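Note sheet for the following structure.
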Amino acid sequence: MISRKNMGSASPLLLITLVLGVCFATYNLVTMVMHNRSISKLTIYNSDGGIFVDPIIEMPESVRKLKRAKMPFHVALTATDAPYSKWQCRIMYYWYKKQKDLPGSEMGGFTRILHSGNPDNLMNEIPTVIVDPLPAGLDRGYIVLNRPWAFVQWLEKATIEEEYVLMAEPDHIFVTPLPNLAHGGYPAAFPFFYIKPDQNEKLLRKFFPEEMGPVTNIDPIGNSPVIIKKELLEKIAPTWMNVSLKMKDDPETDKTFGWVLEMYAYAVASALHGVQHVLQKDFMLQPPWDLEIGKKYIIHYTYGCDYNMKGELTYGKIGEWRFDKRSFLRGPPPRNLPLPPPGVPESVVTLVKMVNEATANIPNWDAE
């Protein structure tokens, strides 16, 4: 028989073991709480050029997808009725349709914002909204000055079901399905190496006063590609238009910024509204400088690609083999363009193959 005295007592070793166990469990609980709090904070910039770090990047990809509801975005690009613009839009729309419903895509509807003021022969092929160009002479030959004005009109007159908008361009090709890269109130944008607010402070202070903070508040971006909440774009677009016109009216700014003036104007307008962008280097690649497709989403073929038959780049000199969109100002490129010679980077080969696939499958390709 066990006595009551023995039942009411415990050995010192047992007590020590219990205390240590409770302490260890408490430590683990506190550590887990602190870890979860730390990864819920938005990490600002890394040392690789200012890209926002995904606050849940440490989680497995499958968990990340479970934590995030699908956020479709509307694809919108501005265009003219010139043959040069139209053939690029047709290729762009072809690859949008190919990628839209594939796994990983969050692309929603599509609109070509035609700022020529009149319908053209692509109205039945590509969803299009017609808006007015700037008054005659106001763009002074700088056609992209119409872009912010086109977006202002489109946002006022169109019914856009998606909460987000991707501002794209005719010379974009979706090389893989594009997800929504924005993070809540932070739009996503591609960082351009030649947009350098910190090196142009004197000029930018004409449009971004000191009371708004340092010029480093201006992101090194243009308006495209950008994925942004529609309500934010509705606020930024009129300012973007006004800043663009003011920059064009300033001879010093116009001369310095040249063809990227409208890009600086968007970056300044966003900063004036206190909007900062998540900088996504993987948003797009630009042949011939970017050599591999990797995990990129968009090919931007703004640069000419010139090579000799040894596969060596001859940039600045017309190559024995070349692909340059400016070679086709007056009409579309022919079907079945010759592929580049051996040794040419994957990015350029992929670009030509994707152009060839689109032109082979688009009806009445030779129509202007």
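Just so you know, these numbers come straight off a predicted model, no measurement behind them.
Side-chain contact check for Trp154 versus Val165: some heavy-atom pair is nearer than 4.5 Å. At least one side-chain heavy atom of Ile195 sits less than 4.5 Å from a side-chain heavy atom of Pro197. Put simply, the side chain of Phe207 does not reach to within 4.5 Å of the side chain of Tyr264, judged on heavy atoms. Residues Trp87 and Phe328 form a side-chain contact, since some pair of their non-hydrogen atoms from C-beta on lies under 4.5 Å apart. For the pair Leu122/Thr128, no side-chain contact is recorded, criterion being any heavy-atom separation below 4.5 Å from C-beta on. The shortest side-chain heavy-atom distance between Phe174 and Ile299 does not fall under the 4.5 Å cut-off. Side-chain contact between Phe151 and Val131 is absent, with no heavy-atom pair separated by less than 4.5 Å. Within the 4.5 Å cutoff, the side chain of Gln99 has heavy atoms near those of the Pro177 side chain.
Side-chain atoms of Gln280 never come within 3.5 Å of backbone atoms of Ala188 as a donor-acceptor pair (strictly under, hydrogens ignored). A donor-acceptor pair is defined here as one N or O able to donate and one able to accept, closer than 3.5 Å; such a pair exists between the side chain of Asn308 and the backbone of Glu312. Of the possible donor and acceptor atoms, none in the side chain of Asp290 sits under 3.5 Å from a partner among the backbone N and O of Leu285. Distance alone, capped at 3.5 Å, is enough to place a donor-acceptor pair between the Glu320 side chain and the Met309 backbone. With hydrogens and angles disregarded, no donor-acceptor distance shorter than 3.5 Å links the side chain of Ser116 to the backbone of Asn118. At distances below 3.5 Å, not a single donor-acceptor pair connects side-chain atoms of Thr111 with backbone N or O atoms of Ile113. Not a single donor-acceptor pair under 3.5 Å links the side chain of Asp250 to the backbone N or O of Met247. Distance alone, capped at 3.5 Å, is enough to place a donor-acceptor pair between the Asp219 side chain and the His277 backbone. Using modelled atom types, no side-chain atom of Asn217 and backbone atom of Ala271 make a donor-acceptor pair closer than 3.5 Å. The closest donor-acceptor contact from the side chain of Lys157 to the backbone of Ile130 lies under 3.5 Å.
Once rounded to the nearest 0.5 Å, the distance linking CE of Met92 with OH of Tyr301 reads 9.5 Å. Going from atom OG1 of Thr256 over to atom CG of Leu203 covers 4.5 Å, rounded to the nearest 0.5 Å. Separation of atoms CG (Leu233) and OH (Tyr164) is listed at 13.0 Å; rounding is to 0.5 Å. Leu166 CG to Glu106 CD: the interatomic distance, rounded to the nearest 0.5 Å, is 12.0 Å. In this structure, CG on Leu77 lies 4.5 Å from SG on Cys89, to the nearest 0.5 angstrom. The distance from the CG atom of Asn121 to the CG atom of Asn364 is 9.5 Å, given to the nearest 0.5 Å.
Residues in residues 235-249 take part in these side chain to side chain donor-acceptor pair (under 3.5 Å) pairs, two or more places apart or across chains: Arg140-Asp249, Thr239-His273, Lys248-Asp254. Within the structure, the salt bridge (charged side-chain N to carboxylate O under 4.0 Å, His left out) test picks out the following pairs touching residues 324-334 (sequence neighbours left out): Asp171-Lys325, Arg322-Asp324, Asp324-Arg326. Here ring pair (Phe, Tyr, Trp, His ring centres under 6.0 Å) pairs that include residues 107-138, with residues two or more places apart or in two chains, are Tyr93-Phe110, Tyr96-Phe110.
The two atoms that bring Trp365 and Pro333 nearest to each other are NE1-O, 2.7 Å, heavy atoms only. Minimum heavy-atom separation, Ile298 to Val175: N-CG1, 4.0 Å. Counting all heavy atoms, side chain and backbone alike, Asp139 lies closest to Leu145 at CA-CD2, 3.8 Å. Residues Trp321 and Pro338 come closest through the heavy atom pair NE1-O, 3.0 Å. Here the shortest heavy-atom pairing between Ser224 and Met167 reads OG-O, 2.9 Å.
Under a 4.0 Å N-O distance rule, the pair Lys86/Asp81 does not qualify as a salt bridge.
Hydrophobic clustering (ILVMFWY, side-chain heavy atoms < 4.5 Å, transitive): Trp95 and Met284 are in one cluster. At a threshold of 4.5 Å between side-chain heavy atoms, the hydrophobic network of Ile, Leu, Val, Met, Phe, Trp and Tyr places Tyr303 and Val144 in one connected group. Connection of Leu291 to Ile173 is not established within any shared hydrophobic cluster, with ILVMFWY side chains joined at heavy-atom distances below 4.5 Å, either directly or through further cluster members. Put simply, Leu134 and Met263 are part of the same group of oily side chains (I, L, V, M, F, W, Y) that touch within less than 4.5 Å, one to the next. Neither Leu313 nor Ile318 shares a network with the other; the hydrophobic side chains, linked directly or stepwise wherever heavy atoms of I, L, V, M, F, W or Y lie under 4.5 Å apart, form separate groups for each.
With sequence neighbours left out, Phe193 forms a ring pair (Phe, Tyr, Trp, His ring centres under 6.0 Å) with no residue at all. Partners of Gln153 under the side-chain hydrogen bond (donor to acceptor under 3.5 Å, both in side chains) rule, at least two apart in sequence or in another chain, do not exist in this structure. Contacts of Tyr297 classified as ring pair (Phe, Tyr, Trp, His ring centres under 6.0 Å), with partners at least two apart in sequence or in another chain: none. For Tyr315, the ring pair (Phe, Tyr, Trp, His ring centres under 6.0 Å) partners at least two apart in sequence or on another chain are Trp289. The side-chain contact (heavy atoms from CB on, under 4.5 Å) check on Glu163 picks up Lys229, with sequence neighbours excluded. By the side-chain hydrogen bond (donor to acceptor under 3.5 Å, both in side chains) test, Lys296 pairs with no residue at all, sequence neighbours left out. Remark: Thr176 engages no residue in a side-chain hydrogen bond (donor to acceptor under 3.5 Å, both in side chains) (not counting sequence neighbours).
With a 4.5 Å cut-off between side-chain heavy atoms of Ile, Leu, Val, Met, Phe, Trp and Tyr, the cluster of Leu102 takes in none.
The aromatic rings of His300 and His172 lie perpendicular to each other, with more than 60° between the two planes, well past the 30° mark.
Among the candidates Thr78, Asp120, Val129, the single residue satisfying the side-chain contact (heavy atoms from CB on, under 4.5 Å) test with Arg112 is Asp120.
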ring-ring contact (aromatic ring centres under 6.0 Å, His included) between Phe190 and Phe192: does it pass, once the steps are laid out? CA-CA 6 Å; Phe190 177 79; Phe192 289 91; 5.0 Å; yes
Please determine whether salt bridge (Lys or Arg N to Asp or Glu O under 4.0 Å) holds for the pair Glu262 and Arg147, giving the CA-CA distance in whole Å, both sets of side-chain angles, and the decisive distance to 0.1 Å. CA-CA 8 Å; Glu262 168 266 342; Arg147 184 175 294 156; 3.4 Å; yes
Which pairs of donor and acceptor atoms, one on a side chain in residues 348-359, lie under 3.5 Å apart (sequence neighbours left out)?
from: Thr350; atom 1: OG1; to: Glu346; atom 2: O; distance (Å): 2.9
from: Asn356; atom 1: OD1; to: Leu337; atom 2: N; distance (Å): 2.8
from: Asn356; atom 1: ND2; to: Leu337; atom 2: O; distance (Å): 3.0
from: Glu357; atom 1: OE2; to: Tyr94; atom 2: OH; distance (Å): 2.8
from: Glu357; atom 1: OE2; to: Lys98; atom 2: NZ; distance (Å): 3.1
from: Thr359; atom 1: OG1; to: Val355; atom 2: O; distance (Å): 3.2
from: Thr359; atom 1: OG1; to: Asn356; atom 2: O; distance (Å): 3.1

